[in-house]
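See structure below.
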Amino acid sequence: MTKRVPISFEFFPPKTDIGAEKLITVHQDLQQLQPEFFSITYGAGGSTRERTLAAIKEFNGKGTPVAPHLSCIGDDKARIAELLDLYVAQGINKIVALRGDLPSGQVGLGELPYAQDLVRFIREHSGDHFHIEVAAYPEMHPQAETFDQDIQRFTEKVNAGANSAITQFFFNPDAYFYFLDRLQKQGITIPVAPGIMPITNASNLIRFADGTGAEIPRWIRKQLQAYGDDSRSIRAFGHEVILKLCERLIDGGAPSLHFYTMNTTEPTRQLVVDLGLN
Ligand code: FAD
């Protein structure tokens, strides 16, 4: 039987009133699974600032802690400090600190060019108030020149004050375990939660993977292609693949699982139930 580990869920801030209404129901559904926290993404350069704040306001204080994401690229220290103060005032004590990606064509890194600069700034500004999560890339960040360099940059982020990390999604558990081994050799032992992306739709998955540098193994890609428009088969196959991935991660010692819910209850709920983590 799979060991019981904590879970957390990620939302993005809805763009429409209908999306916001729907997310309230999704939040209620997923809250029943007793997650440790819900995290809410934040568009680079402050592009979703108001919508992220609205979602935080909606869900904060409703039983499960919320963790705002905060990205630094293209933003300035004064605006980030304002957000940090607001979150302290709202009783929020966990933040996911990221660099972010500016839309292509936009240049200018801003006052805090990398996530490690943001982590350092949060510590300078708010002391130890926040538990800081950072991003990790078992299959390398797409802009990193080498794997070794990426590990070194991750180590710097931790030394700047990060408490734990959440990974980009991946489908090869060996990449995650190798990444942890390499961190351990650097003396880095913070918890690193695998980020889990349920498979529901082939074209979306390929688009996300291409955008993030995550690798879709050939056998998964081929099987998804073979199903064509048969969404029922894609969902069944996706469920089986992700369930097995989660089992292997938990059996291998993953400290928790973080689900990219894409603002829907299913298939995340079914995965959590089938893993016995509810
Ligand atoms: P960093 O840790 O700064 O790394 C970025 C790149 O720069 C890496 O290649 C690293 O090796 C390199 N690097 C780091 N420091 C230095 C240095 N000093 N000198 C030279 N190179 C350096 N994006 C959003 O916009 N909003 C979100 O809410 C969001 N949520 C996310 C949640 C998770 C769990 C993950 C995994 C990603 C998320 N992202 C989000 C995407 C993320 O912002 C991008 O992947 C971005 O390209 C890198 O962010 P980072 O925090 O990992 O950056």
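We're numbering straight along the sequence, starting at 1.
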May I ask you to test the Arg235-His239 pair for a side-chain heavy-atom distance under 4.5 Å? no
Under 3.5 Å, side chain of Lys157 to main-chain N/O of Ala135, donor-acceptor pair present? yes
Between Phe171 and Ile199, does the side chain to side chain contact (heavy atoms under 4.5 Å, CB included) criterion hold? Intermediate values first, please. CA-CA 10 Å; Phe171 299 108; Ile199 299 176; 4.0 Å; yes
My understanding is that only residues two or more places apart in sequence, or in another chain, count here; which of them pass side-chain hydrogen bond (donor to acceptor under 3.5 Å, both in side chains) with Glu36? none
Across all chains, not counting sequence neighbours, the side-chain hydrogen bond (donor to acceptor under 3.5 Å, both in side chains) partners of Ser8 are His258
Go through the steps for Thr268 and Phe9 under the test side chain to side chain contact (heavy atoms under 4.5 Å, CB included), then give the verdict. CA-CA 9 Å; Thr268 297; Phe9 299 128; 3.4 Å; yes
Exceeds 12 heavy-atom contacts within 6.0 angstrom, atom CG of Asp229: no
Measure across Glu266 and Arg269 and return the closest heavy-atom pair with its distance rounded to 0.1 Å. OE2-NE, 2.5 Å
Does the Arg123 side chain pair with the main chain of Gly161, one donor and one acceptor, at a distance under 3.5 Å? yes
Are Ile132 and Tyr114 in one and the same hydrophobic cluster, where Ile, Leu, Val, Met, Phe, Trp and Tyr link if side-chain heavy atoms are under 4.5 Å apart? no
May I have all residue pairs that pass salt bridge (charged side-chain N to carboxylate O under 4.0 Å, His left out) and include part of residues 196-213, sequence neighbours excluded? none
side-chain contact (heavy atoms from CB on, under 4.5 Å) partners for Lys222, two or more places apart: Arg218, Gln225
Are side-chain heavy atoms of Ile95 and Leu84 found at a separation under 4.5 Å? yes
Might you point out which heavy atoms bring Phe130 and Ile92 nearest each other, and give the distance in Å? CE2-O, 3.2 Å
So, applying side-chain contact (heavy atoms from CB on, under 4.5 Å) with Leu33, which one of Leu277, Asn278, Thr265 is it? Asn278
Verdict with reasoning, Leu86 to Leu53, per side chain to side chain contact (heavy atoms under 4.5 Å, CB included): CA-CA 10 Å; Leu86 183 67; Leu53 286 174; 3.6 Å; yes
Could you give all pairs that pass the salt bridge (charged side-chain N to carboxylate O under 4.0 Å, His left out) test and reach residues 162-179, with sequence neighbours left out? Asp174-Arg248
Where is the tightest heavy-atom contact between Met197 and Ile242, given as atom of each residue plus distance? O-CD1, 3.5 Å
Quick check on Gln34: does its CD atom have over 12 non-hydrogen neighbours (other residues, nucleotides or ligands) under 6.0 Å away? no
Which label fits Trp219 and Phe237: parallel for a plane angle under 30°, tilted from 30 to 60°, or perpendicular past 60°? perpendicular
Heavy-atom distance under 4.5 Å between the side chains of Gln31 and Phe38, does that happen here? yes
Flag, side chain of Ser47 to backbone of Ala44, donor-acceptor distance under 3.5 Å: yes
Close side-chain approach of His27 and Lys22, heavy atoms under 4.5 Å: no
Where is the tightest heavy-atom contact between Asp75 and Tyr42, given as atom of each residue plus distance? OD2-OH, 3.3 Å
Would you please test Met262 and Thr200 for side chain to side chain contact (heavy atoms under 4.5 Å, CB included) and show each step? CA-CA 10 Å; Met262 305 312 292; Thr200 54; over 6 Å; no
Ring pair (Phe, Tyr, Trp, His ring centres under 6.0 Å) partners of residues 146-167, not counting sequence neighbours, each pair once: Phe147-Tyr178, Phe154-Phe179
State which residues pass side-chain contact (heavy atoms from CB on, under 4.5 Å) with Thr25; sequence neighbours excluded, sorted by chain then number. Asp29
So that I can tick it off, tell me whether Lys77 and Glu82 are bridged by a salt bridge, with the cut-off set at under 4.0 angstrom between side-chain N and carboxylate O. no
Quick one: closest heavy-atom pair of Glu10 and Tyr260, and the distance? OE1-CE2, 3.3 Å
Within the structure provided, determine whether Thr212 and Pro142 are in side-chain contact (heavy-atom separation under 4.5 Å). no
State yes or no: do Phe59 and Ile56 share one hydrophobic cluster built from I, L, V, M, F, W and Y residues joined by side-chain heavy-atom distances below 4.5 Å, directly or via other members? yes
Rounded to the nearest 0.5 Å, how far does CG of Leu180 lie from NZ of Lys185? 11.5 Å
Do Asn201 and Leu205 have side chains that approach each other closer than 4.5 Å (heavy atoms only, starting at C-beta)? no
Look only at the side chain of Thr146 and the backbone of Gln149, and say whether a donor-acceptor pair between them is shorter than 3.5 Å. yes
Does one side chain, of Gln270 or Asp274, offer a donor that lies under 3.5 Å from an acceptor on the other? yes
Does the pair Glu247/Lys244 count as a salt bridge with the N-to-O cut at 4.0 Å? no
How would you list, by chain and number, every residue that makes a side-chain hydrogen bond (donor to acceptor under 3.5 Å, both in side chains) with His131, sequence neighbours excluded? Ser164
With no hydrogens and no angle check, is any side-chain donor or acceptor of Thr16 less than 3.5 Å from a backbone partner on Gly19? yes
Specify the closest pair of heavy atoms between Phe170 and Thr167, including all atoms of both residues, with the distance to one decimal. CE2-OG1, 3.3 Å
Heavy-atom distance under 4.5 Å between the side chains of Leu224 and Ile234, does that happen here? yes
Measuring from atom CD1 of Ile18 to atom CG of Leu23, what distance do you get when rounded to the nearest 0.5 angstrom? 13.5 Å
Test: side-chain hydrogen bond (donor to acceptor under 3.5 Å, both in side chains). Region: residues 134-144. Which pairs qualify, not counting sequence neighbours? Arg99-Gln143
Val96 side chain reached by Thr41 side chain, heavy atoms, under 4.5 Å: no
Results of ring pair (Phe, Tyr, Trp, His ring centres under 6.0 Å) for His125 - residues two or more places apart only: Phe121
Does anything in residues 65-90 form a ring pair (Phe, Tyr, Trp, His ring centres under 6.0 Å)? List the pairs, not counting sequence neighbours. none
Residue list, side-chain hydrogen bond (donor to acceptor under 3.5 Å, both in side chains) with Asn60, at least two apart or on another chain: none
